[in-house]
Amino acid sequence: MSLWYIIVAFVFFSSMIIVRIIRKTKKNLPPGPPRLPIIGNLHQLGSKPHRSMFKLSETYGPLMSLKFGSVSTVVASTPETVKEVLKTFDVECCSRPNMTYPARVTYNLKDLCFSPYSKYWREVRKMTVVELYTAKRVQSFQHTRKEEVAALVDFIKQAASLEKPVNLNKKLMKLSGSVICRVAFGINLQGSKLENTYEEVIQGTVELVGSFAAADYFPVVGRIIDRITGLHSKCEKLFKAMDAFFDQSIKHHLEDEIIKDDIIDLLLKMERGETTLGEFQLTRDHTKGILANILNAGIDTSAQVMTWVMTYLISNPRVLKKAQAEVREVIKHKDDIIEEDIERLQYLKMVIKETFRINPLVPLLIPREASKDVKIGGYNIPKKTWIHVNIWAIHRNPNVWKDPEAFIPERFMDSQIDYKGLNFELLPFGSGRRICPGIGMGMALVHLTLINLLYRFDWKLPEGMKVADVDLEESYGLVCPKKIPLQLIPVLTQWT
Ligand code: HEM
């Protein structure tokens, strides 16, 4: 009797699989791994989805179908397929799916990052590119960056004289937070509502919006699951902390007449109708949504880039020595280090590119959604399919990069490859319509800080630690920070 049950069950499941394969072939979707009922391929994501997807793509190809709960997804993993998504079919593929927690922390998608491709998004993008992220504005904040970097250098000097280790993750996060608070919110981080919680709030939010949340994949029941796992209450807590901070900085602007011509000021003018945003009337929620992107996208990213560069330098003493020799040769006791000095630091530029390659900070970019049916690489991608762009897979692909696991800045010597979105082998900021608009703002701080850290100090590992002990593991979120904080001992030098 039990044999009959087994035979019936076998026939039933085999026919289900066959029907699915036939349906899929008819639909001409990209190939993908078999799925489990209900959850689809969610169980294959693991703790580092970019790595798992890369592994799967080695079997199923550069354009691969996955199903997460009820959501159909494709993953592009090579320069060729990614170019199709981000360039050839950029218009059709540049919308964003409506995700539960990103929607909550952006005041229901009133921001730039997560709002779908629409007239509103186009107006906000135009406004931010023309008004907020311009080279002129980035330049105008140079003084603030210099002051904050000088404060960091003073702190490190003290630690060096006591031979104490510095937690670079923490200090670089504070630096980035202090700069963004001053230039974007017109207030000091110290004394603000986020003074004691900014790390937890910003990193928590970045992790939250990058999480594969049940609410997005299982209608109704997913929300219950997230309540049980605590994701929902975590989101509410983060949202309240951010909202209180935005209220504080907006109030500060409304009360202080001296503050003028900064980002909040511009947004408040739009709220009052003194400046327009196309046909849209900005409300307080729009202002806060746009500010949420600056807070979350602006602080963690630059801080983590700097931490990763220092991590790879300390793990590669040859490269560290060469980068420091170059910086000291070029800067040569010049009192006034400026961001533009980077132009004369060819090797340091290569070190930064190589760090972006080996460890792209946003390994899956931000999820996209097809707004129309589209044909990519000969396969059909139906409207509403989610699209993940796995730049981590490109950056670690041995067919694209020789010896991809090794940190070799020299690979960029005599190469035209840059990270500004034109070379599909290296895409740390994405490409196309959704390319990061904050490259200039972020990299200005990254350059100034790294030049100072390398010029003024020598660096060594804490007592008893060897180069081989430096941990290179990332933890997963939308942004992937170093899992174990980087602690280094600064050493005073003749250049300090
Ligand atoms: C320096 C480190 C940074 C890195 C590595 C980085 C990386 C990225 C990436 C990969 C994307 C997604 C692109 C896509 O989905 O195709 C993005 C989007 C974005 N970034 Fe950055 N970013 C950095 C700094 C900044 C800064 C400093 C700001 C603002 C102050 C910023 C604001 C944004 C915004 C608003 C978006 C959304 C753009 C849109 O969807 O239209 N980023 N960034």
Side-chain angles (χ1 to χ4, degrees), residues 50 76 82 85-87 90 93-97 102 106 109-118 120-129 131-134 137-138 141 145 172-173 175-177 179-185 202 206 209-210 262-263 289-309 352-353 355-357 359-369 386-392 394-395 419-421 424 426-450 477-481:
H50 49 291
V82 167
V85 173
L86 302 186
K87 190 172 178 195
D90 190 21
C93 298
C94 75
S95 201
R96 302 276 194 218
T106 57
L109 307 177
K110 293 191 176 62
D111 69 325
L112 181 66
C113 250
F114 293 100
S115 104
Y117 184 58
S118 59
Y120 173 71
W121 176 83
R122 286 195 294 276
E123 288 296 346
V124 178
R125 177 91 197 185
K126 195 165 74 188
M127 180 272 286
T128 52
V129 170
E131 300 281 354
L132 304 188
Y133 300 119
T134 59
R137 208 174 264 273
V138 171
F141 297 140
R145 284 189 291 271
L172 294 172
M173 186 75 185
L175 167 72
S176 188
V179 170
I180 291 283
C181 272
R182 284 178 64 186
V183 305
F185 300 98
I202 292 161
V206 172
V209 299
D262 66 4
I263 292 169
I290 294 165
L291 292 178
N293 285 171
I294 299 172
L295 187 75
N296 294 312
I299 296 180
D300 203 21
T301 47
S302 312
Q304 301 304 341
V305 169
M306 296 184 274
T307 307
W308 278 119
V309 173
I352 295 170
K353 279 187 197 174
T355 308
F356 275 138
R357 184 199 64 78
N359 225 320
L361 206 57
V362 191
L364 294 174
L365 302 184
I366 300 171
R368 287 158 181 252
E369 187 182 85
W386 290 26
I387 304 168
H388 288 293
V389 173
N390 192 354
I391 58 165
W392 200 90
I394 298 179
H395 292 194
Y419 50 68
K420 307 233 172 97
F424 289 83
L426 187 71
L427 292 169
F429 295 96
S431 178
R433 283 172 174 71
R434 288 281 184 169
I435 192 172
C436 173
I439 303 180
M441 181 116 73
M443 291 313 286
L445 182 63
V446 168
H447 291 155
L448 185 66
T449 310
L450 288 174
L478 189 65
V479 166
C480 288

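Quick caveat, the model's predicted, so the values are computed rather than measured. When reading the values below, keep in mind they use all heavy atoms of this one structure, side chains included, and skip hydrogens, waters and symmetry mates. Whatever order the structure lists them in is the order used to number ligands and atoms, beginning at 1.
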What do you reckon, does Arg433 have a nitrogen or oxygen under 3.5 Å from a nitrogen or oxygen of ligand 1? no
Please indicate whether any nitrogen or oxygen in Arg125 is less than 3.5 Å from any nitrogen or oxygen in ligand 1. yes
Protein heavy-atom partner closest to [atom] - residue, atom, separation in Å:
{"atom": "atom 14 (C) of ligand 1", "value": "Arg434 O, 3.6 Å"}
{"atom": "atom 37 (C) of ligand 1", "value": "Cys113 SG, 3.1 Å"}
{"atom": "atom 16 (O) of ligand 1", "value": "Arg368 NH2, 2.9 Å"}
{"atom": "atom 15 (O) of ligand 1", "value": "Arg96 NH2, 3.0 Å"}
{"atom": "atom 4 (C) of ligand 1", "value": "Phe429 CE2, 3.3 Å"}
{"atom": "atom 21 (Fe) of ligand 1", "value": "Cys436 SG, 2.3 Å"}

Once salt bridge (Lys or Arg N to Asp or Glu O under 4.0 Å) is applied, what residue pairs with a partner in residues 428-438 remain, sequence neighbours excluded? Asp90-Arg433
How close do [X] and [Y] get, heavy atom to heavy atom, and via which atoms?
{"X": "Arg96", "Y": "Ile366", "result": "NH1-O, 3.0 Å"}
{"X": "Asn296", "Y": "Val206", "result": "O-CG2, 3.7 Å"}
{"X": "Ser302", "Y": "Leu445", "result": "CB-CD2, 4.5 Å"}

Option set Pro363, Pro367, Cys94, Ala297, criterion heavy-atom distance to atom 25 (C) of ligand 1, minimum: Ala297
Taking atom 2 (C) of ligand 1 as the point of reference, which of Leu132, Thr301, Asp111 owns the nearest heavy atom? Thr301
Atoms in ligand 1 with a heavy atom of [X] nearer than 4.0 Å:
{"X": "Gly442", "result": "1 (C), 27 (C)"}
{"X": "Trp121", "result": "41 (O)"}
{"X": "Pro437", "result": "19 (C), 20 (N), 33 (C), 34 (C), 35 (C), 36 (C), 38 (C)"}
{"X": "Pro428", "result": "5 (C), 7 (C), 10 (C)"}

Mind checking whether Ile366 contacts ligand 1 via backbone (N, CA, C, O), side chain (CB onward), both or neither, at a 4.0 Å heavy-atom cut-off? both
Specify side chain, backbone, both or neither for Tyr133, according to which of its non-hydrogen atoms lie closer than 4.0 Å to ligand 1. side chain
Give me the one residue out of Leu112, Leu109, Asp111 that meets side-chain contact (heavy atoms from CB on, under 4.5 Å) with Trp121. Leu112
Verify, without hydrogens or angle tests, whether Arg145 (side chain) and Val138 (backbone) share a donor-acceptor contact under 3.5 angstrom. yes
On the ring face of Tyr117, is Arg122 found with NZ or CZ under 6.0 Å from the centre and within 45° of the axis? yes
Would you say Phe429 and Val362 make side-chain contact, with heavy atoms under 4.5 Å? no
Less than 4.5 Å apart, any side-chain heavy atom of Leu86 and any of Ile435? no
Roughly how far apart are Leu427 CG and Leu365 CG, rounded to 0.5 Å? 7.0 Å
Qualifying residues under salt bridge (charged side-chain N to carboxylate O under 4.0 Å, His left out), relative to Lys126, sequence neighbours excluded: Glu123
For ligand 1, is there an atom lying under 4.0 Å from some heavy atom of Val446? no
Check contact between Gln304 and ligand 1, using heavy atoms of the residue and a distance below 4.0 angstrom. no
